[in-house]
Amino acid sequence: GFTSIQAPYAGGEMITKPFTFSGKELEINYSTSAAGEIRFEFQDVNGVPVPGFTLEDSQPVIGNEIARIVRWNNNSDLQKLVSQPLRLRIFMKDADLYSLRFK
């Protein structure tokens, strides 16, 4: 776990260590400014983006919500990624990410 991660207006990113998960959606607790955003990308253990789940496919997350489901190309279903060792790349601009969970 983590307390929170924060990125300034200039932007920043974080990449997790490889992990596996169960569940069908990624839910986050976050806050951004009106000009900020958060995007997510799944990568294999070698850092290669998973097709359909790249930063470009990620719908920008903007606002302030306790429970928001992340979407890629208007799809939130992660069932085909379950139990695969993956890394999560998180790009943020003028944003705070307080928690994430798979449900």
Side-chain angles (χ1 to χ4, degrees):
F2 57 87
T3 303
S4 71
I5 56 174
Q6 185 272 332
Y9 184 78
E13 65 179 55
M14 178 185 102
I15 300 175
T16 68
K17 293 180 178 183
F19 65 94
T20 60
F21 68 90
S22 60
K24 65 179 187 171
E25 296 178 316
L26 173 60
E27 181 182 84
I28 61 170
N29 176 346
Y30 72 97
S31 176
T32 74
S33 71
E37 69 176 7
I38 306 174
R39 292 179 183 257
F40 296 85
E41 174 179 88
F42 280 100
Q43 301 177 344
D44 67 17
V45 294
N46 298 311
V48 177
V50 175
F53 297 94
T54 67
L55 279 183
E56 292 76 24
D57 297 324
S58 178
Q59 291 182 227
V61 176
I62 301 167
N64 181 0
E65 295 180 66
I66 293 173
R68 166 88 175 255
I69 302 299
V70 177
R71 297 183 169 280
W72 293 264
N73 294 322
N74 210 25
N75 180 25
S76 65
D77 187 0
L78 302 176
Q79 289 183 2
K80 70 180 183 180
L81 303 178
V82 168
S83 299
Q84 295 181 41
L86 298 167
R87 300 184 326 171
L88 186 61
R89 178 181 175 198
I90 305 167
F91 170 80
M92 299 171 50
K93 176 181 174 183
D94 204 15
D96 294 279
L97 179 61
Y98 302 112
S99 69
L100 55 85
R101 74 176 180 149
F102 294 92
K103 59 180 235 159

To the nearest 0.5 Å, what is the distance between [atom1] on [X] and [atom2] on [Y]?
X: Ile28; Y: Leu26; atom1: CD1; atom2: CG; result: 6.5 Å
X: Arg71; Y: Ser58; atom1: CZ; atom2: OG; result: 11.5 Å
X: Thr54; Y: Asn73; atom1: OG1; atom2: CG; result: 7.0 Å
X: Phe102; Y: Thr20; atom1: CZ; atom2: OG1; result: 10.0 Å
X: Asp44; Y: Leu81; atom1: CG; atom2: CG; result: 11.5 Å
X: Asn29; Y: Arg101; atom1: CG; atom2: CZ; result: 10.5 Å

For Leu100, the option from Ile90, Thr16, Ile5 that meets side-chain contact (heavy atoms from CB on, under 4.5 Å)
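By the side-chain contact (heavy atoms from CB on, under 4.5 Å) criterion, Leu100 pairs with just one of Ile90, Thr16, Ile5: Ile90.
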
Taking side-chain contact (heavy atoms from CB on, under 4.5 Å) as the definition, give me every residue that meets it alongside Ala34, ordered by chain and number, with sequence neighbours left out.
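Per chain and number, Ala34 pairs via side-chain contact (heavy atoms from CB on, under 4.5 Å) with no residue.
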
Counting only heavy atoms not in Ile66, do more than 12 fall under 6.0 Å of its CD1?
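Open: at most 12 neighbouring heavy atoms sit under 6.0 Å from CD1 of Ile66.
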
Over all atoms of both residues, closest heavy-atom pair of Ala7 and Gly11:
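Taking Ala7 first and Gly11 second, the nearest heavy atoms are CB-C, 4.3 Å.
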
Minimum-distance pair of heavy atoms, taken over all atoms of Ile62 and Ser33
CG2-O, 4.1 Å

Whether the side chain of Asp57 engages the backbone of Gly52 through a donor-acceptor N/O pair (distance < 3.5 Å, no angle test) should be reported.
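Indeed, once roles are kept as given, a pair shorter than 3.5 Å links the two residues.
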
Donor-acceptor pair, Gln59 side chain versus Asn74 backbone, under 3.5 Å?
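Such a contact is found between Gln59 side chain and Asn74 backbone.
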
Give every residue pair that meets the side-chain hydrogen bond (donor to acceptor under 3.5 Å, both in side chains) criterion with at least one member in residues 76-85, sequence neighbours excluded.
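Only Glu25-Ser76 qualify under side-chain hydrogen bond (donor to acceptor under 3.5 Å, both in side chains).
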
Are [X] and [Y] connected, step by step, through hydrophobic side chains (Ile, Leu, Val, Met, Phe, Trp, Tyr) whose heavy atoms are closer than 4.5 Å?
X: Val50; Y: Phe40; answer: yes
X: Met92; Y: Met14; answer: yes
X: Leu86; Y: Leu88; answer: yes

Under 4.5 Å between any side-chain heavy atoms of [X] and [Y], yes or no?
X: Phe42; Y: Arg87; answer: no
X: Leu78; Y: Lys24; answer: no
X: Phe21; Y: Val82; answer: yes

Those residues that, when tested against Arg39, pass salt bridge (Lys or Arg N to Asp or Glu O under 4.0 Å) (two or more places apart):
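Only Glu37 meet the salt bridge (Lys or Arg N to Asp or Glu O under 4.0 Å) criterion with Arg39.
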
Under 30°, 30 to 60°, or over 60°: which ring-plane class applies to Phe53 and Trp72, parallel, tilted or perpendicular?
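Aromatic pair Phe53/Trp72 classed perpendicular.
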
